[in-house]
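One is the number of the first residue; the rest follow in order along the sequence.
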Amino acid sequence: MIPPLIDNRNLPLVLLGGTLCNARLWQPVIARLNVSSVTSLMVCGADSAREFSAQALEALPPRFCLAGFSLGAIAALQILADAPERIAGLALLSVNPFSDLPANAAVRRSAVDKAAAQGIGHWLTETLWPKYVAPQNQDNSQLHATIAQMAEECGMAVFTRQTEIAICRDDHRQALAAFAAPTLILNGQHDVICTPRHHQATAALNSRWLTHPSSGHFLPLEAPFWVADALRTWIKEILS
């Protein structure tokens with residue numbers, strides 16, 4: 001049995017999920033990490049990344065390892081900008097480090113209205129599912145069911161506030177460039193939401209960048225073994 005990596009130095013692992021994601025997102029990865037001190041948080045209860053960061057930092061321990069997926073990566077970058085001294089290491093999965101274009105606000109809010117009118121599960125299947133996973137995973141009914149179930153469980157109130165977080169986010173590449181602790185960037189080669197350009201702009205600063213060749217946006221569910229292996233190596237680097 002592989003011993004836990006985090007508790008030895010009292011550094012809990014904090015995982016931040018993406019839009020319309022709850023703890024189900026990380027379960028396949030956590031099961032393969034063998035990490036006992038781990039907290040999975042939804043990015044919710046706030047209308048901006050700054051507000052979420054303030055709430056999270058008040059609740060989290062003094063120092064921790066931080067990994068974020070998609071919207072969770074945006075929130076992780078905000079936490080990094082606000083309190084870099086509290087982060088022992090940073091992992092960003094399917095990340096877009098740029099601030100949102102002003103023109104995107106109306107599009108994003110319109111999507112919320114359509115999801116409310118159509119039903120969030122149906123809307124996700126019709127609009128986001130084709131963009132979420134790699135072509136070879138489009139027919140994976142179990143993967144689709146998990147992602148749709150998470151969306152239904154999160155609901156419209158969460159989606160509305162998460163949309164505002166995405167709209168109001170800031171560009172924190174300068175904070176990332178100044179961060180000296182181990183930083184890991186993970187992406188899927190077929191991700192059309194957070195593209196290689198986004199990851200290149202992030203990884204060019206101060207990090208190790210790995211790409212999974214047969215995944216899209218939803219790395220933790222499409223390639224949990226690969227993600228867990230990469231996170232284990234990252235954690236070992238933090239503890240070394």
Side-chain angles (χ1 to χ4, degrees), residues 4-27 29-30 33 35-100 108 112 150-151 153-185 202 205-207 220 231 234-235 238-239:
L5 295 173
I6 295 292
D7 289 345
N8 291 343
R9 286 178 47 178
N10 197 30
L11 287 175
L13 174 61
V14 177
L15 303 171
L16 303 180
T19 301
L20 294 174
C21 294
N22 56 23
R24 295 182 190 277
L25 172 76
W26 297 107
Q27 286 174 354
V29 173
I30 293 172
L33 277 179
V35 172
S36 58
S37 182
V38 58
T39 299
S40 175
L41 297 179
M42 286 177 58
V43 178
C44 62
D47 295 314
S48 70
R50 289 185 180 185
E51 183 182 355
F52 175 80
S53 173
Q55 294 172 0
L57 286 168
E58 185 174 352
L60 290 172
R63 192 161 166 82
F64 49 90
C65 305
L66 181 62
F69 163 75
S70 195
L71 185 68
I74 292 170
L77 285 169
Q78 181 67 57
I79 292 172
L80 172 68
D82 292 340
E85 73 283 354
R86 293 182 58 182
I87 302 176
L90 180 68
L92 303 171
L93 291 72
S94 304
V95 61
N96 179 345
F98 305 118
S99 56
D100 207 29
R108 290 185 183 277
V112 171
M150 287 195 298
E153 289 170 347
C154 288
M156 285 304 307
V158 167
F159 185 33
T160 299
R161 301 191 80 178
Q162 287 179 333
T163 297
E164 294 306 313
I165 292 174
I167 290 170
C168 299
R169 68 180 186 261
D170 295 317
D171 186 329
H172 292 302
R173 285 177 291 164
Q174 185 173 354
L176 184 59
F179 186 59
T183 304
L184 176 66
I185 310 296
T202 309
L205 300 173
N206 179 27
S207 59
L231 290 179
W234 167 69
I235 293 168
I238 294 169
L239 299 181

Taking every non-hydrogen atom, the tightest pair across [X] and [Y]:
X: Leu93; Y: Ala73; result: O-CB, 4.0 Å
X: Gly72; Y: Val43; result: CA-CG2, 3.8 Å
X: Ala76; Y: Leu90; result: CB-CD1, 4.0 Å
X: Ala91; Y: Trp234; result: N-CZ2, 3.5 Å
X: Val95; Y: Thr202; result: CG1-OG1, 3.8 Å
X: Cys154; Y: Leu20; result: SG-C, 3.5 Å

Side chain to side chain donor-acceptor pair (under 3.5 Å) contacts in which one or both residues fall within residues 79-89, not counting sequence neighbours: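 Qualifying pairs: Ser53-Asp82, Gln78-Asp82.
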Pairs where residues 11-20 contributes a residue and the test side chain to side chain donor-acceptor pair (under 3.5 Å) is met, not counting sequence neighbours: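 For residues 11-20, and leaving out neighbouring residues, there are no side chain to side chain donor-acceptor pair (under 3.5 Å) pairs at all.
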Give, for atom [atom1] of [X] and atom [atom2] of [Y], the distance between the pair rounded to the nearest 0.5 Å.
X: Ser99; Y: Ile74; atom1: OG; atom2: CD1; value: 10.5 Å
X: Gln162; Y: Ser70; atom1: CD; atom2: OG; value: 9.5 Å
X: Ser40; Y: Leu13; atom1: OG; atom2: CG; value: 9.5 Å
X: Leu184; Y: Cys65; atom1: CG; atom2: SG; value: 11.5 Å

What pairs meet the ring pair (Phe, Tyr, Trp, His ring centres under 6.0 Å) rule with one or both residues in residues 58-78, with sequence neighbours excluded?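 Every ring pair (Phe, Tyr, Trp, His ring centres under 6.0 Å) pair that includes a residue of residues 58-78, provided the two are not neighbours, is Phe69-His217, Phe69-Phe218.
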Answer yes or no: is there a side-chain heavy-atom contact under 4.5 Å between [X] and [Y]?
X: Leu41; Y: Leu60; answer: yes
X: Val14; Y: Ile79; answer: no
X: Arg169; Y: Asn96; answer: yes
X: Arg161; Y: Asp47; answer: yes
X: Leu15; Y: Ile30; answer: yes
X: His172; Y: Leu80; answer: no

Using modelled atom types only, decide if a donor and an acceptor are shared between the side chain of Trp26 and the backbone of Pro220 within a distance under 3.5 Å.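 No; judged by distance alone, with no hydrogens or angles, the pair does not exist.
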Between Thr183 (side chain) and Ala181 (backbone), is there a donor-acceptor pair under 3.5 Å?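 Between the backbone of Ala181 and the side chain of Thr183 there is a qualifying donor-acceptor contact (under 3.5 Å).
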side-chain contact (heavy atoms from CB on, under 4.5 Å) against Ile167, all qualifying residues, sequence neighbours excluded: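 In terms of side-chain contact (heavy atoms from CB on, under 4.5 Å), with neighbours along the sequence ignored, Ile167 is linked to Asp100, Ala105, Arg108, Arg109, Thr163, Glu164.
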Please enumerate all residues that pass side-chain contact (heavy atoms from CB on, under 4.5 Å) together with Gln55, with sequence neighbours excluded.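 By the side-chain contact (heavy atoms from CB on, under 4.5 Å) rule, Gln55 matches Ala46, Glu51.
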By side chain to side chain donor-acceptor pair (under 3.5 Å), which residues pair with Arg63, not counting sequence neighbours?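 Applying side chain to side chain donor-acceptor pair (under 3.5 Å) to Arg63 gives none.
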